[in-house]
Amino acid sequence: MKVDRILAGVFVVVVLNSCESWFQDIGLKDIKRVDGPCTITLVDGTVIETPYSLEISIRTEAITYRDEDRKLWTVFREEYESYFCQE
């Protein structure tokens, strides 16, 4: 009985992961994760570097990242010019 529940849970996780782009297409998933390290260039020319991944809102294009102290920051679309990640 316990093995059946574990297998069912694994199946659900696999199915949901394979449907990620479909969830984005229909608007149920708004966050795109991009593996780091990453560089964000602000409109004023400042460069932000993070060794961690970025999370980008598909709807608003806001970027959420962590600095080296793992503090969480958000940069809104009008504040940055571009970003690049070394996947």
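Throughout, residue positions are numbered sequentially from 1 according to the sequence presented. Computed from a predicted model, the values in this text were never measured in an experiment.
Between V43 and E78, the closest heavy-atom pair is CG1-O, 3.8 Å. The two residues Y83 and K32 come nearest to each other via the heavy atoms OH-NZ, 3.6 Å. Across all non-hydrogen atoms, the minimal contact from C38 to Y52 is SG-O, 3.9 Å. For the pair E68 and E49, the tightest heavy-atom approach, listed with the atom from each and the gap, is OE2-O, 4.0 Å. Minimum interatomic distance between I31 and E55 (heavy atoms only, all atoms of both residues): CG2-CB, 3.7 Å.
In the hydrophobic clustering of this structure, F76 does not group with Y80; members are Ile, Leu, Val, Met, Phe, Trp, Tyr whose side-chain heavy atoms approach within less than 4.5 Å, directly or through other members.
With hydrogens and angles ignored, the 3.5 Å screen pairs no side-chain donor or acceptor of D35 with any backbone N or O of S53. In this structure, the side chain of D30 engages the main chain of I58 through a donor-acceptor pair within 3.5 Å. The backbone N or O of K71 sits nowhere less than 3.5 Å from a side-chain atom of D69 that would complete a donor-acceptor pair.
Note that the OG atom of S82 and the CD1 atom of I63 stand 8.5 Å from one another [nearest 0.5 Å]. Rounded to the nearest 0.5 angstrom, T41 OG1 and F84 CZ are separated by 11.0 Å. To the nearest 0.5 Å, atoms OG1 (T46) and CD (E81) are separated by 11.0 Å.
Applying the disulfide (SG to SG under 2.5 Å) definition to pairs two or more places apart or across chains, none involves residues 39-82.
A heavy-atom distance below 4.5 Å is not found between the side chains of V47 and L42.
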D67 vs T50, side chain to side chain contact (heavy atoms under 4.5 Å, CB included): CA-CA, chis, key distance, verdict: CA-CA 6 Å; D67 63 16; T50 177; 6.0 Å; no
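Taking the salt bridge (charged side-chain N to carboxylate O under 4.0 Å, His left out) definition, one finds that R66 meets it with nothing, sequence neighbours left out.
Checked against L54 for a side chain to side chain contact (heavy atoms under 4.5 Å, CB included), the options T39, T64, V75, I40 give a single hit: I40.
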